[in-house]
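Comments concern the structure below.
When reading the values below, keep in mind they use all heavy atoms of this one structure, side chains included, and skip hydrogens, waters and symmetry mates. Numbers restart at 1 for each chain; the letters A, B, ... are given by sequence-line order, proteins then strands. Everything numeric in this text was worked out from a predicted model, so none of it was measured.
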Amino acid sequence: MKSPVFLMKRSNWAIPYALFLALFVVIPLFLIAVYAFRNTSGGFTLANFTKFFTQSEALNTFIYSIGIALVTTGVCILVGYPAAYILSNSELTKGRALVILFILPMWINILMRSLATVALFDFMHIKLGEGALIFGLSYDFLPFMIYPIYNTILKIDKSYLEAARDLGATRFQSFTHVILPLSVPGIVSGILMVFLPTISTFAISEILTLNTKRLFGSIIQDNMMMSDTMNYGAALSLVMLVIIGITTVLTGDKGSSDQTALI
Amino acid sequence: MSVKPNSTPAESLSGKDCTQRPPDIPLGGNNIINEDLGTYIIEIDHISKWFGDKQVLDDVSLFVKKGEFVTILGPSGCGKTTLLRILAGLTMTDKGSVRMNGRDITEIPPHKRPTNTVFQRYALFPHLNVYDNIAFGLKLKKTPQEEIEKQVRRVLKIVGLTDYEERDVESLSGGQQQRVAIARAIVNKPQVLLLDEPLAALDLKMRQDMQMELKQMHKQLGITFIYVTHDQEEALTLSDTIVVMNKGKVQQIGTPTDIYNEPVNPFVADFIGDSNILNGIMKSDFHVQTMYQDFECVDKGFAPDERVDVVIRPEDIYIMQRNDSAQIKGVVQSCIFKGVHYEMAVLTEKGYELLIQDYNAFEAGSEVSLIIKPNDFHVMHKEQNINVLKGVVENSNHVSFLGGSFECLPHGLETGTEVSVRLTDRKIELMDYTDEGGAAGCVSFILYKGNHYQLTVTADNGDEIQVYTNEVWDDGDIVGIRILPEDIIITPLKEKE
């Protein structure tokens, strides 16, 4: 095969990416699945899963993680939606500048920000723990909530609002009947970008709670670090993946395709 | 086509006079409204509106009778949509007031007004289906469920979309979306329906069908329609009353026949239908001179020798084989078949080019005679104070006006004196580059006067001048304005003590 012809076919350009995906996504996933159904000696077993569902520690941590993720997502929506709504309404240039200010923390590494939060709490003599964890996670993930919602609201045609007003809606009603339903795809994107990464967080939770509160990510990490519990760690990862997969499919149905493409 | 003989000059002097006078036109053939004859549902009283420092509405007044079909007609940017939005409450006026049913609604928000709007791009809610879009207004009013269902079915029948309730609005064609938009507005039983170029996005055939349906709906519903369009044919077809607007000002208000037969100024004549617009001189009552010839006409009440604009519709000129009794002799320049009639350009012996529409074709090059009947000359006043501007003396031989500086003859006035600058009828030259003249401007209106062009040039400071030229310029051209010193006549605005 001559190289120019080979390069001219656009599908051939995908080959390196396909290789990358195979090496770093598909094979590791496969390995996780394989390890999850094995015991330390390499035989097939379901013990890893029965251990998870019977042993209270991992299960409790998992439920606790989901709880923390739900609270964080809730805080992000409550703080982020009004922020996105205000940003999308102000003058274009002013709005842009403010949006950048909101997005700015995203430019800094998430661990650095967590360490800064610890320093801030120390400085103000506030005890680290659950509160600090929720604050830190919300602070870390807020931009991921604001940005998709801001984008969605910005794209809503102003004539819909005028039509609603014309048809007898007050300002508040035109918000609840038009803006809110039309910004749902943005909210869904925001939820996906906040809720899912929060469940599997580990380093941040350890820093912000001085390792007193552990999230599911920490449990997986602990088990993965030791060779004798690696199979159990793999099973925990698989459980989390399945849960994440189910949530994505469920929320993806509601959001319109172009909006979920944002993530 | 008959002409109202007593269209008095005072009425047609300027757009403003017209706007202050409620339209004295009979209503369309709608029985429901006759009992309310004489009451105005909408009174727009001297409203003005600025966007930044650009004035989009300039002292507009308009009175609309109950049940009337009123069309606001004008080129894009004339302020017609702004006027409609002010009626809907979506834009607030800066000056003047709006009354509906005698109640001042100038400050009333849109959701409390008895109006509903059909938007130009429909603005149907994409997250709702046809039924929920139409039910939107009724649900807000807490109408009972069964009543909503009944009403939605009723209006869907009116717009011819029965059984479309469950359809997604984005799956509908442009024409169907248009119908849903109309249904969504009329289901609320507004007293006034506002339509913002509702047919602009449809193709010709669909547009014509919808025009007929709208007219039918207007009759059936018996409510007032205010319809904004830039399409003069649409306006002539649909309306009881047409309001012609240009540059934020009302030019003329009247029935379609009035507007067509008796345009008050060259802009209206040029905008509505085809026309020949010529310069003329009113020698005496019933006697006009144009194209270097004297003609009999039916207009009177002008000052002796007053300079006027003369409008002749192309279909009002009779064309025939050359004979001795002809008023005007000419040679056909071109002949185009237009479906029903032929459109011919005839160059007269005196050098004027006339547009003629006739059922008979005369080939290019044929020698013809033309006859124009007295009542087919439409004589109108020229704008007063053309090319009289405000200026300030800069020094002994320079004066500034039109946002620029011009050399003038020595005048002996002190620097800074405010003066009135009159430009003689001699040539004002337009240059390709803005720095070639004393001031810069933009060609904003073009009229072909048979043997030359009359351009309106808007200078950078917003003042307008009229320029007569044989050169071809385009609307929107940016030009330099050059005026010779001897053509600038300066008089101080007030006597110095």
Side-chain angles (χ1 to χ4, degrees), chain A residues 77 81 84-85 88-95 148-192 250-262, chain B residues 81 84-92 108-129 132-143 148 151 155 168-170 177 180-190 192-198 226:
Chain A
I77 292 178
Y81 194 95
Y85 183 64
S88 65
N89 271 357
S90 58
E91 306 280 8
L92 198 73
T93 46
K94 256 198 299 179
I149 297 176
Y150 163 77
N151 256 337
T152 318
I153 298 181
L154 204 64
K155 276 191 226 149
I156 296 174
D157 196 330
K158 293 282 168 292
S159 66
Y160 297 144
L161 268 182
E162 293 186 340
R165 300 275 285 143
D166 185 71
L167 290 166
T170 60
R171 270 177 203 286
F172 180 72
Q173 281 172 325
S174 58
F175 172 78
T176 53
H177 285 64
V178 177
I179 297 289
L180 198 57
L182 284 177
S183 53
V184 163
I187 300 174
V188 169
S189 295
I191 289 174
L192 286 176
L250 285 182
T251 44
D253 274 349
K254 281 187 219 137
S256 74
S257 51
D258 68 324
Q259 290 304 328
T260 36
L262 251 172
Chain B
T81 296
L84 195 81
R85 290 174 57 86
I86 285 175
L87 284 176
L90 298 169
T91 300
M92 290 297 154
I108 301 283
H111 65 280
K112 288 186 183 154
R113 296 192 180 201
T115 59
N116 281 114
T117 308
V118 177
F119 291 88
Q120 186 168 11
R121 278 176 298 126
Y122 320 141
L124 298 175
F125 304 121
H127 60 295
L128 302 176
N129 63 15
D132 288 327
N133 259 286
I134 297 174
F136 193 90
L138 295 176
K139 281 181 180 166
L140 287 171
K141 278 183 228 143
K142 305 267 188 291
T143 314
I148 294 180
Q151 290 300 327
V155 293
D168 191 355
V169 289
E170 280 170 347
Q177 292 192 11
V180 175
I182 293 170
R184 185 178 68 176
I186 60 177
V187 78
N188 301 293
K189 300 192 174 147
V192 179
L193 185 67
L194 307 169
L195 302 107
D196 185 7
E197 306 218 20
I226 312 266

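B:A123 is linked by a side chain to side chain contact (heavy atoms under 4.5 Å, CB included) to A:S159, A:Y160, A:A163, B:F119, B:R184, counting only residues two or more places apart in sequence or in another chain.
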**Asked** Taking it one step at a time, do B:T115 and B:L87 satisfy side-chain contact (heavy atoms from CB on, under 4.5 Å)?
**Response** CA-CA 8 Å; B:T115 59; B:L87 284 176; 5.6 Å; no
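Between the B:H127 side chain and the A:V184 main chain, no donor and acceptor come within less than 3.5 Å of each other. Remark: the backbone N or O of B:P110 is not paired with any side-chain donor or acceptor of A:D166 at under 3.5 angstrom.
Heavy-atom distances place both the backbone and the side chain of A:E162 under 4.5 Å from chain B. Contacts of A:D157 with chain B are made by side-chain atoms alone, with heavy-atom separations under 4.5 Å and no backbone atom involved.
Most heavy-atom pairs under 4.5 Å with chain A: of the set B:H111, B:K141, B:R113, B:K139, this distinction falls to B:H111. Listed options B:G137, B:P126, B:G89 were ranked by heavy-atom pairs under 4.5 angstrom with chain A; first place goes to B:P126. In terms of heavy-atom pairs under 4.5 angstrom with chain A, the leader among B:V118, B:N188, B:L124 is B:L124. Chain B forms the most heavy-atom pairs under 4.5 Å with one residue out of A:S174, A:P181, A:G168, and that residue is A:G168.
Taking the six-membered ring for Trp and the full ring otherwise, the centers of A:Y85 and A:Y150 sit at least 6.0 Å from each other.
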